[in-house]
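What follows is one structure encoded as structure tokens, with my remarks underneath.
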Amino acid sequence: MPRMVETLTFPDGFLFGASISAYQTEGGNTNTDWWWWEHIQATPCSEPSGDACDFYHRYQDDVAMLAGFGLNTFRFGVEWARIEPAEGEFSRAELAHYRRVLDACHEHGVVPIVTFHHFTVPKWLHDMGGIAAERFPALFERYCDRTAQALGARIAYACTINEPQGLGSSGWILGINPPGHHDDRDGAQRAVDNLLEAHRRGAAAIRGRAGVPTGVTLALPDLQYEDGAQPGTSSLELESHVNDWFFELARNDDFIGVQTYTRFRFGPEGSRSPGSDWSDATRELSESDHTTQMGYEYYPQALGGAIRRAHRSCPGVPILVTENGIATADDERRTAYINTAMREVLACLAEGIDVRSYLYWSLLDNFEWALGYAPTFGLVAVDRETFARHPRASATWLGQVARAGALSGAAQSV
Ligand code: BGC
């Protein structure tokens, strides 16, 4: 039965914006595990990140551009390897840089949401074992403490770790991300245990120093089971199970970040969705009527399922949608995707779920990890030679929704 959306208006104070991460946009993050990974001979990366979007130097214009669209919130990351370039050495200049990025947000009336860890670690930490290293939680805590001390209440919301559920399996079992281990189950388990501990300690440090609402951002594809499906067997589900441990911690957090791009369906024979096997380098990545450039099923309704799962798992904890988006060559398709996804947000609000933001991924076409620059998620295209920004119609459209605080048009079934 299609559900009817009762209202098209978002609550006062709702946060409308876009997200990026440090590594995928700043450029020149040479002191990280990912830079190393892009340059080893056996790299699975299609191209190196290089200068990325040169956001490191262009943040002023990018924040002004985002505000000019009408958006009121910006999620960006700080790069640990810049802030702590060698173990225990903190860079005042880099912390001052990130203070300036935050100041640019405030000058434009934009609410800044800051991610402390988005997939990358400093190279010196990678050399001692990365996320699986015994000292990782303590080192993360110290980095959070020093960074929060320097950036303070300029931050509006802090995200400790982005999508921790996949870091253990992708880096230690599947070998598709650094450090590139295969079938190292002990390593994966250590990574997961460390990430849980790091979130706990990092969040406490950030709250203690900066006093700002802090949480974790989780990847929550909408997992759907058909009759006869045997839940719990695929690597995708095992990853997703890690989220349950993070949900436990998130019950004590100030918010929970929800991130979703598609659904994955399971039948008696296992997964039946395109793009569900990330370890398969030959998987179909081309865009079609049913799939996006990532090879995922086009299914913007997934956001509703993800929000409801977070709500069920952490009742009463405010939800921020910190990432939702589509990689597509067709910008009208992007607008249609966002429109449907935002109607899901409205449906969840109508059910009484406390959803406080919708942040589109991504503001810019950026470095999509091993897939390089081919997938285009951006509200804004970036010229790879000149770094010139070319806003798409979807940016203007989302900005209008933000200014109106409402989706226009008659209520429709979703
Ligand atoms: C990650 C981003 C990534 C996006 C699109 C999310 O899982 O946080 O870094 O670019 O998905 O694939």
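Along the sequence shown, residues carry numbers from 1. Order of listing sets the numbers, starting from 1, for every ligand and every atom in it. Keep in mind the model is a prediction, meaning the values are calculated, not measured.
Ring centers of Tyr23 and Phe119: at least 6.0 Å apart, outside the cut-off. Taking the six-membered ring for Trp, Tyr59 and Phe74 have ring centres at least 6.0 Å apart. Aromatic ring centres of Tyr56 and His97 lie closer together than 6.0 Å. Aromatic pair Phe14/Phe16: centroids less than 6.0 angstrom apart.
What sits closest to atom 7 (O) of ligand 1 on the protein, heavy atoms only, is Glu163 OE1, 2.5 Å. From the protein, the heavy atom lying nearest to atom 1 (C) of ligand 1 is Glu323 OE1, 3.4 Å. Closest to atom 3 (C) of ligand 1 among all protein heavy atoms lies Glu368 OE1, 3.6 Å. In terms of protein heavy atoms, atom 4 (C) of ligand 1 is closest to Tyr261 OH, 3.4 Å.
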Checking Thr335 against Ile338 for the side-chain contact (heavy atoms from CB on, under 4.5 Å) test, could you report, in this order, the C-alpha distance in whole Å, the side-chain angles of both residues, the deciding distance, and whether it holds? CA-CA 5 Å; Thr335 301; Ile338 303 173; 5.7 Å; no
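Residue contacts with ligand 1: Asn366 is placed with no nitrogen or oxygen under 3.5 Å of a nitrogen or oxygen of the ligand (distance criterion only). Here's the thing with Tyr296: none of its N/O atoms is less than 3.5 angstrom from an N/O atom of ligand 1.
Relative ring orientation between Tyr143 and Phe140 is described as tilted, the plane-to-plane angle lying within the 30° to 60° band. Using a 30° and 60° split on the angle between ring planes, Trp80 and His117 fall in the perpendicular class, above 60°.
Close approach of ligand 1 to Gln24 (heavy-atom distance below 4.0 Å) involves ligand atoms 2 (C), 3 (C), 9 (O), 10 (O). Within ligand 1, counting atoms from 1 as listed, the ones closer than 4.0 Å to a heavy atom of His118 are 1 (C), 2 (C), 8 (O), 9 (O). Less than 4.0 angstrom separates some heavy atom of Met294 from each of these atoms of ligand 1: 12 (O).
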